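Just so we're clear, the structure is a prediction, and the values are computed from it rather than from any experiment.
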Amino acid sequence: MIGRGAAVWTRTAGTGPQRVLPDGCTDLIWSEAGPDGELLVAGPDTRARLAPGPPGTRAVGLRFAPGQGPAVLGVPAHELRDQLVPLAALWPGAEVRRLAERIAEAERIADAERIAEAERTAEAERTAARQAVQGRLLEDAALGRLRTAEPPDPVLAAIVAGVSRGTGVAGIAAAVGLGERQLHRRSLAAFGYGAKTLGRVLRLNRALDLARTGVPFAAVAATAGYADQAHLAREVRTLTGVPLGRLLQGSGG
């Protein structure tokens, strides 16, 4: 973890589509697709998208909390909204090549650190060890960028807290001492979209977390801040493209 702002994840593509849900975050990704692998950046999504890659393709990513990505990536979040772009489009080519070479060598590094023992370790354990090293390398690259980045916008935490509580745009703007237009501009740069859309996305994720634990949909709607269960159903379908029940079954990807 980089403080409380980012976390490493891993994914292996299955035989069906994998649905990536909007969460207000940006991701720095190493994908093993292709002969040499590739470094990618996924911007903040407004709708669900299907992850690329043939079955079996492995990926390791570093997910930045809402508002943190621009400091690392060097561009406003709205320029990456709903996009998946090569890291080389954002960072100097030489820097990207060095990072890609180190990540591609992660299995050798893992063996050298005795994380995996080549002859005796199961393939799954070797893969996990390699991905752990790859994740650390992504974190190191992000930390290096953060050391020279501008300090984060001090209002971002208040915006996230406000939309998470269900506070309206006018109330958040007043609380942080900004006009609504100023708040919108700052939100676009930090999160990729305005505070209202950020609130919808974060509320969706709260609702899904509850529903995955078996909470009845009506209770999910009330707890997460929807007007009723029908409102929850409409928002889930709008933002994810599938009904809530199908999403929870995993058939949506």
Side-chain angles (χ1 to χ4, degrees), residues 1-7 9 19-27 41-49 62-73 75-83 149-213 215 217-241 244 247:
M1 294 289 287
I2 301 175
R4 298 172 59 189
W9 55 263
R19 194 172 300 271
V20 179
L21 304 181
D23 57 9
C25 301
T26 52
D27 297 78
V41 172
D45 294 314
T46 56
R47 298 290 187 275
R49 60 179 175 83
L62 184 61
R63 177 160 296 149
F64 302 106
Q68 190 185 45
V72 175
L73 301 172
V75 295
H78 64 82
E79 294 187 10
L80 299 171
R81 183 175 56 228
D82 294 321
Q83 294 190 61
E150 294 292 326
D153 189 334
V155 307
L156 300 187
I159 295 173
V160 172
V163 299
S164 297
R165 291 192 300 267
T167 304
V169 171
I172 295 172
V176 299
L178 296 174
E180 290 186 35
R181 290 185 179 180
Q182 289 176 301
L183 178 70
H184 186 69
R185 287 195 296 270
R186 303 268 276 269
S187 296
L188 284 179
F191 309 117
Y193 24 65
K196 184 176 181 180
T197 299
L198 177 66
R200 291 177 64 198
V201 167
L202 296 183
R203 181 175 60 184
L204 168 72
N205 282 269
R206 289 197 303 274
L208 293 178
D209 286 344
L210 289 168
R212 288 178 180 123
T213 67
V215 175
F217 291 174
V220 169
T223 303
Y226 293 93
D228 51 32
Q229 187 173 337
H231 182 204
L232 166 66
R234 288 194 303 273
E235 282 287 276
V236 170
R237 184 181 282 275
T238 297
L239 294 174
T240 73
L244 179 56
L247 192 65

Inset, instruction - Search all heavy atoms of Ala207 against all heavy atoms of Val220 and return the closest pair with its distance. - result: O-CG1, 3.5 Å
Legend entry - Result of checking Thr240, Leu239, Val201 against Arg47 for side-chain contact (heavy atoms from CB on, under 4.5 Å): Leu239
Inset, instruction - Quick one: closest heavy-atom pair of Leu21 and Ala48, and the distance? - result: CD2-CB, 4.0 Å
Legend entry - Closest heavy-atom pair and its distance - Gly24, Leu198: CA-CD1, 4.4 Å
Legend entry - Leu210 backbone acceptor or donor facing Thr213 side chain under 3.5 Å: yes
Legend entry - CG on Leu188 to CZ on Arg185, rounded to 0.5 Å: 9.5 Å
Inset, instruction - Could you give me the CA-CA distance, side-chain angles and deciding distance for Arg19 and Leu247, then say whether side chain to side chain contact (heavy atoms under 4.5 Å, CB included) is met? - result: CA-CA 9 Å; Arg19 194 172 300 271; Leu247 192 65; 4.1 Å; yes
Inset, instruction - Please answer whether the main-chain N or O of Pro76 pairs with a side-chain N or O of Glu79 as donor and acceptor at a distance below 3.5 Å. - result: no
Inset, instruction - To the nearest 0.5 Å, tell me how far Arg234 CZ sits from Leu244 CG. - result: 14.0 Å
Inset, instruction - List the steps and the verdict of side chain to side chain contact (heavy atoms under 4.5 Å, CB included) for Lys196 and His184. - result: CA-CA 9 Å; Lys196 184 176 181 180; His184 186 69; over 6 Å; no
Legend entry - Contact summary for Asp23 and Pro66, nearest pair of heavy atoms: O-CG, 4.1 Å
Legend entry - Contact summary for Ala189 and Pro70, nearest pair of heavy atoms: O-CG, 3.4 Å
Inset, instruction - Provide the closest heavy-atom pair for Cys25 versus Arg63 in the form atom of the first, atom of the second, distance. - result: CB-CG, 3.6 Å
Legend entry - Pair Thr46-Tyr193, side chain to side chain contact (heavy atoms under 4.5 Å, CB included): steps then yes or no: CA-CA 8 Å; Thr46 56; Tyr193 24 65; 3.5 Å; yes
Inset, instruction - Kindly indicate whether the side chain of Arg212, heavy atoms from C-beta on, has any atom under 4.5 Å from the side chain of Asp209. - result: yes
Legend entry - Pair Arg186 + Asp153: basic N to acidic O under 4.0 Å: yes
Legend entry - Worked check of side chain to side chain contact (heavy atoms under 4.5 Å, CB included) between Asp27 and Leu62: CA-CA 5 Å; Asp27 297 78; Leu62 184 61; over 6 Å; no
Legend entry - Side chain proximity check, Gln68 to Leu156, heavy atoms < 4.5 angstrom: no
Inset, instruction - Examine distances only and state if a side-chain atom of Arg81 and a backbone atom of Gly192 form a donor-acceptor pair shorter than 3.5 Å. - result: yes
Inset, instruction - Rounded to the nearest 0.5 Å, what's the gap from CG on Leu202 to CZ on Phe191? Could you check? - result: 8.5 Å
Tell me which donor-acceptor pairs under 3.5 Å the side chains of residues 161-168 have, and how far apart each pair is, sequence neighbours excluded?
| from | atom 1 | to | atom 2 | distance (Å) |
| --- | --- | --- | --- | --- |
| Ser164 | OG | Val160 | O | 2.7 |
| Thr167 | OG1 | Gly162 | O | 3.4 |

Inset, instruction - Mark yes or no for whether Asn205, through its side chain, and Pro22, through its backbone, hold a donor-acceptor pair below 3.5 Å. - result: yes
Inset, instruction - Please name all residues satisfying ring-ring contact (aromatic ring centres under 6.0 Å, His included) with Tyr226, sequence neighbours left out, ordered by chain then number. - result: His231
